[in-house]
Amino acid sequence: MREVDVCIVAYRPDLALLGRLLASLAEPAAAPLARNLFIQDNGDDPATTEAIEALAHAHRDAFARIDVRRSAANLGYGRGHNAALARGSAPFALVLNQDCVLEPGVLARLVDAALASPADVAAWELRQIPYEHPKAYDPVTLETPWVSGAAFLVRRTAFEAVGGFDPRLFMYGEDVDLSWRLRAAGWRLLYQPKLAVLHQTYREAGEVKPLQVFGGVQTNLCLRARYGGLLRTLQGLAMLAAEIGAPRTFRGRRRGLVRAGLGFLARWPAFVRTRVRPTPAFRPQFIGWGYETRRDGAFHRFASAREERTRPAPRVSILIRTMNRPQRLREALQSCANQTWPNLEVVVIEDGPERSRALVESFRDRLDVRYRATGQRAGRARAGNRALAEASGEWLNFLDDDDVLFADHVEVLVESVLAHGAAGAYGLAWETHTAIDPERNACEEVMHVTRHRQAFDRIALWHHNYLPIQAVLFHRRLYERHGGFAEDMDQLEDWNLWTRYTLDDDFVLVEKTTSKYRVPAEASLAAERQALLDRAYADALERQRAMRVTFSPREISAMADAYARSETVVMVTRGDLRRLVGGRPLIARLAAWRQPAQEWMRRRRLLR
């Protein structure tokens, strides 16, 4: 018999919303699942506890056990869950906020995922809607640096092995601390993008919650003491001083920040004594007041599966060109298998002899996938056109075999094109500087850069390519009207394609990071790659001269104004500067480097 403990900490809850949560937990499962419900009420009103008990017992047939208790005082989130989990004994426990509602069928599928996972996985985080948590995760393995305490399943043995939540952390950040202690002990954490909860935590996008600010600051300082050492702690205190001196954005901000700082100082010795040091597999990151790398688009809104859908999900074809790179292709295919969009096919075209069929076939239990090989080396453009001809989807998306998609990529772009009535959409993408180790056939991601944030602008696109190929979803009518790649191009063929596809149709920028494309981290390899693009640039420009499009003077003026505004900021990363100056003293060489630097930066904008 499968069994799970469901643990909820309540504090002055919205009883109607809590009732919806309990109803979602009580939904029938396809296979037998024993559900034990433990609710810890941190509130001070006995009548509220009685109302919570009544709501729970309304679903008594769905739960093997119901246990509702009221705390003598507000224990805080972590201590409340420690108390709830201590009353159970199931191998897995679902930790939930009181303001969540599970999507249909999620609980049983989540337990199934846990049972099928390797023994070193400690926790499984549910996706949150309408606003997905923005922290990054591995698009291939789905490993995440920490799990959000709003909704996650935890292995009881792992939870107990690290001592559960730290009782010194009252609220906010206690989930990061638990996750980092688990990772430091050798456990892994997985994100579950296909399993979601509706989490009504923000009344509006971008809402600032004072208690979250104060609690988050205090916990961040505590975790800096535990995981970052003295230097990181002093850095945090300097940040706090700057925050206190900054202009007030809401009433009581400075007073609350001072109290947060004093609360940290009282706890500092305890967190220093319990120092947790990094390991080769665990290197925590502090990003300002946040933790680990975040993707852009925190307040991109997703619909709930419980909302009525007025139209069927259109079919999407992901088109992959490959050439005997099995490890890279496997990762690309797995990122496709992780997609949340339900109506998806993948077309893989091998440029050359048939070498990857067995690998592709191994994904048939997870993907609707088709494989073809050209036999002889045909080139990138011809392979791409073969993929276009094979595709059956209404919407098309290229994915090179060394690139990957975050799990919501297709969902984000399809919903955007449908909402805007557009012929195409593109998301933000991470340019991922990657060091290759050929002996181990492994790669290490050194740095992520969002190279392009360009809103759709034809003049800018005619000047340089700001559309990474895997970032773009487009309607098949564009292919039917304008054809595929120019088959005599082997570089910048995608730029030529986008300029033709947007002569008459606009694309839509979605400001959410949904994909990654890899570029060499080694300066010599990056230079070789750039040289190929530079040589192809003149040819691509010459082809554009043959294109014809008609605009009114007003439209031309508007496009020129938009282009001028878009050119006011050019982003150059620290890595770019290192390659630019080549180790020479910048000040002494500034005059000599001015013109080459300007030309180099202009060329760099052509990447992908």
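Just so it is clear, the structure is predicted and the values come from calculations on it, not from any experiment.
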**OP:** Classify the side-chain pair Ser392/Arg315 by whether it contains a donor and acceptor separated by less than 3.5 Å.
**Re:** yes
Original post:
What about the rings of Trp498 and Phe474, do their centers lie closer together than 6.0 Å?
Top reply: yes
Subject >> Aromatic ring proximity Trp146/His133, centre distance under 6.0 Å >> reply: yes
Original post:
Sub-3.5 Å donor-acceptor pair from the side chain of Thr374 to the main-chain atoms of Gly352, do we have one?
Top reply: yes
Original post:
Any sub-3.5 Å donor-acceptor pair from Asn343's side-chain atoms to Ala313's backbone N or O?
Top reply: yes
**OP:** Look at the rings of Tyr191 and Tyr137 and say which category their plane angle falls in: under 30° parallel, 30 to 60° tilted, over 60° perpendicular.
**Re:** tilted
Original post:
Taking atom types as modelled, is there a side-chain donor on Glu431 or Tyr517 under 3.5 Å from an acceptor on the other?
Top reply: yes
**OP:** Report, as yes or no, whether the 6.0 Å neighbourhood of atom CD on Glu511 holds more than 12 heavy atoms from other residues, nucleotides or ligands.
**Re:** no
Original post:
Thinking salt bridges, do Arg372 and Glu350 make one under a 4.0 Å N-O criterion?
Top reply: no
Subject >> Ring geometry between Phe406 and Trp430 (parallel below 30°, tilted from 30 to 60°, perpendicular above 60°) >> reply: perpendicular
Original post:
Does CD in Gln376 sit with more than 12 non-hydrogen atoms of other residues, nucleotides or ligands closer than 6.0 Å?
Top reply: no
Subject >> For Val508, all residues meeting side-chain contact (heavy atoms from CB on, under 4.5 Å), sequence neighbours excluded >> reply: His420, Ala422, Ala425
**OP:** May I ask you to check whether Arg380 and Gln491 show a side-chain donor-acceptor distance below 3.5 Å?
**Re:** no
Subject >> Exercise: do His409 and Gln339 side chains pair donor with acceptor under 3.5 Å >> reply: no
Original post:
Can a donor-acceptor pair be found between the side chains of Glu103 and Ser304 at a distance below 3.5 Å?
Top reply: yes
Subject >> Met489, CE: over 12 other non-hydrogen atoms inside 6.0 angstrom >> reply: yes
Original post:
Strictly by modelled atom types, are Asn385 and Glu487 linked by a side-chain donor-acceptor pair under 3.5 Å?
Top reply: yes
Original post:
Are Phe485 and Phe398 an aromatic pair by the rule of ring centers under 6.0 Å?
Top reply: yes
